[in-house]
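Order of the sequence lines fixes the chain letters, A, B, ..., with proteins taken first and strands second; residue numbering starts at 1 for each chain. FYI, side chains are in, hydrogens and waters are out, and symmetry mates aren't considered; it's all heavy atoms of this structure. For clarity, every value in this text was computed on a predicted model and none was experimentally measured.
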2 protein chains.
Amino acid sequence: MVKITDVARHAGVSPSTVSYALSGKRPISEATRLRVEEAIRRLGYRPHAGARALASSRSNVLALVVPLRAGIHVPVVMQFAVSVVTAARTHDHDVLLLTQEEGEDGLRRVADTALVDALIVMDVQLHDPRLPLLRALERPSVLIGFPAAPDGLTCIDLDFKAAGELCVERLAGLGHRVVALVGSPPEVYVRGTAFAQRVVQGFTAAADRNGLSSSVHPCEASPAAARRIAEQLLREQPALTGVVVHNEPVLEPLIEAFEQLGLRVPADLSVTAICPDELAGGLRVPVTSIAIPSAEVGARAVDLLMRQLDGTPCPEATLLTPRMTERASTAPRTLNS
Amino acid sequence: MVKITDVARHAGVSPSTVSYALSGKRPISEATRLRVEEAIRRLGYRPHAGARALASSRSNVLALVVPLRAGIHVPVVMQFAVSVVTAARTHDHDVLLLTQEEGEDGLRRVADTALVDALIVMDVQLHDPRLPLLRALERPSVLIGFPAAPDGLTCIDLDFKAAGELCVERLAGLGHRVVALVGSPPEVYVRGTAFAQRVVQGFTAAADRNGLSSSVHPCEASPAAARRIAEQLLREQPALTGVVVHNEPVLEPLIEAFEQLGLRVPADLSVTAICPDELAGGLRVPVTSIAIPSAEVGARAVDLLMRQLDGTPCPEATLLTPRMTERASTAPRTLNS
DNA sequence: TTCCCCCGTCGAAGCGCTTCGACGTTCCGT
DNA sequence: ACGGAACGTCGAAGCGCTTCGACGGGGGAA
């Protein structure tokens, strides 16, 4: 293994100079720097991560806790993970993958052993048991999602309440008067998953504000459940002309079910969704939707972490404004419907 | 930060004794060990990962390279990742997440800086450019998937050829004489992704062996593409009664398309698939399928790595035998069809 | 009893890097 | 022309842990 002393000898300088040339923490003359870089290249030098971590008390590794729970949409999680890794690399950091299964102990372990410098936690519950731990940890963290009481913890997420509102406002603007929300599976609400609940809040608030008649329906992630919900909706709200879907796996089967029940989308029924663009755009009837900006959330989460590590002040709460993409599933309410 | 010397002082022993008590690399008397453990508990001691890595030249971290490419089924990747993390934890290791985007440089970096002890690489191509690098690295690695020439690299995967064969044998055993394979998207084959090609080999070999008339159809991962393929199949092979699907997103829309074209599953058409059980079992017509045993593959991959790190000899190639789960989508060929 | 060896423990020497204080030089302001 | 700041570099001291060799004491073999 080639080490910093080898490089130093080769370049005719001391090891500390090599270190400073690499880190830039002290000024080094152009000439010396070039010689050092040349030596590094010749010898193929790579600083030893462990040694570096020990001496600098920085591992340059971030922990990412991914959820495994039922009812969460896996591709979205994966997108987050990938964007976090990509963003971390632009800051010269790597990402350690933790599963939620490891729970609080896992968080404590990687933080206490100094394996990681900071943590990113996904799938935050309203009353997440990990919050006290994260506050007690001597390392920065960022939550993707909002708990009921952040209290000093840094959080970032799409503004799901605004997303719920936006879906309704859009439908209201098109003249729809009776709307329904087809939401995530019941267990997601039971757990108190923040984003799901916020969608409901936004949906309900906007419906009330606009004087719409509305209803909310959690829905299992299966085609069969979608069909049942469709039938139920038509039975209970025959005047229904607007539907908001916040449940990825159910979006397509739900639309199919409506059509099989004789409702054309968007002629008889307008549909908006909160889901990835690939999903919304890839359906037979492309769906007007609000995407979760995973890439942006991941990148910003990493940025927030870096600022905390720097000591730069950073905002506690970051809510990303939802953006709606118009597609073929929405239309003005027709008079005969 | 509480360190090993603190524990040693507290327990009235030397730091090396604490270390040995922890690692078990030298015999320590029961009494001493208990005192050490007690001190550790009292003080909440956690060994510093960097220091440990530096002194022992073991980081206890594994690298996992996940694919990002088009045409791969994300939930399956996620399952692998989770099972690798879980398995790694049972061996006291953590997992560093690398995206394929980082490519060979990323592999080299984490290996050369001793950030990781060993590597797991997914989505291996037949002629994968990373193979020479992996061979040159001084660290063990395991490929999930088989390249054309492993040549000294350890590989593990489901035996996809056998899986392709098994699907056909099952259909042949039920009396079907005309079969088709609906495969992965074309780019997957173009890239030379091993598992996709092996399914085709197995499918074709078994069809020939049984004297079946057969055809192979790559298929884009969209409902529309599924419909087109269904129509094309009925047009070109009107006597078709058996279909093998190796393309997760297309499985459901394909069956729907067949039914809309007037073919009942399984009465007129038997379907087998290679896909996760959750998918196969969750459809309106549960599909007889062969699952990719992600959990097993992940766990075994980690085991293989651990054996290499131990110096224990381990097999170069591990092919997992496919197991078929009978569901409602297969039936004997009826005489009138 | 004597010799050996193994058990259980200790002390010291690093692992490869960063960082702090120090020191000579140069360059600026006055 | 001189004091002082800023520059560029070095040496040494660790960071917290593992591991090697050593050593005293006890037990088995001869």
Subject >> Flag for B:T154-B:E316: side-chain donor and acceptor within less than 3.5 Å >> reply: no
**OP:** Please find the earliest and latest nucleotides of DNA chain C, in the 5' to 3' direction, that have an atom within less than 4.0 Å of any heavy atom of chain A.
**Re:** C:dG16 to C:dA22
Original post:
What is the nucleic acid contact for A:S56, judged by heavy atoms within less than 4.0 Å: base, sugar-phosphate only, or nothing?
Top reply: sugar-phosphate
Subject >> Atom pair CG/CG of A:L96 and B:L115 - distance to nearest 0.5 Å >> reply: 9.5 Å
**OP:** Using the criterion of both pairing distances under 3.5 Å for Watson-Crick and G-U wobble pairs, give all stems of 3 or more consecutive pairs involving DNA chain C.
**Re:** C:1-30 with D:1-30
Subject >> Side-chain ion pair, A:R33 and A:E37, N-O less than 4.0 Å >> reply: yes
Original post:
Is the CZ atom of A:R135 crowded by more than 12 outside heavy atoms at less than 6.0 Å?
Top reply: yes
Original post:
For B:F195, which of B:V124, B:D157, B:L158 qualifies under side-chain contact (heavy atoms from CB on, under 4.5 Å)?
Top reply: B:D157
Subject >> Of residues 2-14 of chain B, the positions that come close to DNA chain D - non-hydrogen atoms, cut-off under 4.0 Å >> reply: B:K3, B:I4
Original post:
Should the pair A:E38-A:R41 be classified as a salt bridge under the 4.0 Å nitrogen-to-oxygen rule?
Top reply: yes
**OP:** Return the residues of residues 45-55 of chain B meeting this criterion: a heavy atom under 4.0 Å from some atom of DNA chain C. Order them by number, or give none.
**Re:** B:L54, B:A55
**OP:** Given salt bridge (charged side-chain N to carboxylate O under 4.0 Å, His left out), test A:K3 with A:D6 step by step and report yes or no.
**Re:** CA-CA 5 Å; A:K3 38 192 162 189; A:D6 301 328; over 6 Å; no
Original post:
If you round to the nearest 0.5 Å, how far is NE2 of B:H48 from CE of B:M1?
Top reply: 5.0 Å
Original post:
Taking DNA chain C as the partner, which of residues 17-37 of chain A come within under 4.0 angstrom of it by heavy atom?
Top reply: A:S19, A:Y20, A:K25, A:R26
**OP:** Using a strict cut-off of less than 4.0 Å between a Lys/Arg side-chain nitrogen and an Asp/Glu carboxylate oxygen, indicate whether A:R300 and A:D303 qualify as a salt bridge.
**Re:** no
**OP:** Mind running side chain to side chain contact (heavy atoms under 4.5 Å, CB included) on B:L98 and B:L64 for me, showing each step along the way?
**Re:** CA-CA 6 Å; B:L98 296 183; B:L64 174 67; over 6 Å; no
Original post:
To the nearest 0.5 Å, what is the distance between CG (A:L34) and CD (A:E30)?
Top reply: 4.5 Å
Original post:
Quick one: are B:L107 and B:L134 in side-chain contact, heavy atoms under 4.5 Å?
Top reply: yes
**OP:** Could I get the full list of side chain to side chain contact (heavy atoms under 4.5 Å, CB included) partners for A:T86, not counting sequence neighbours?
**Re:** A:V82, B:E101
Subject >> Polar contact flag, side-chain donor to acceptor under 3.5 angstrom, B:N60-B:H91 >> reply: no
Subject >> Pair B:T32-B:S29, side-chain donor/acceptor within less than 3.5 Å >> reply: yes
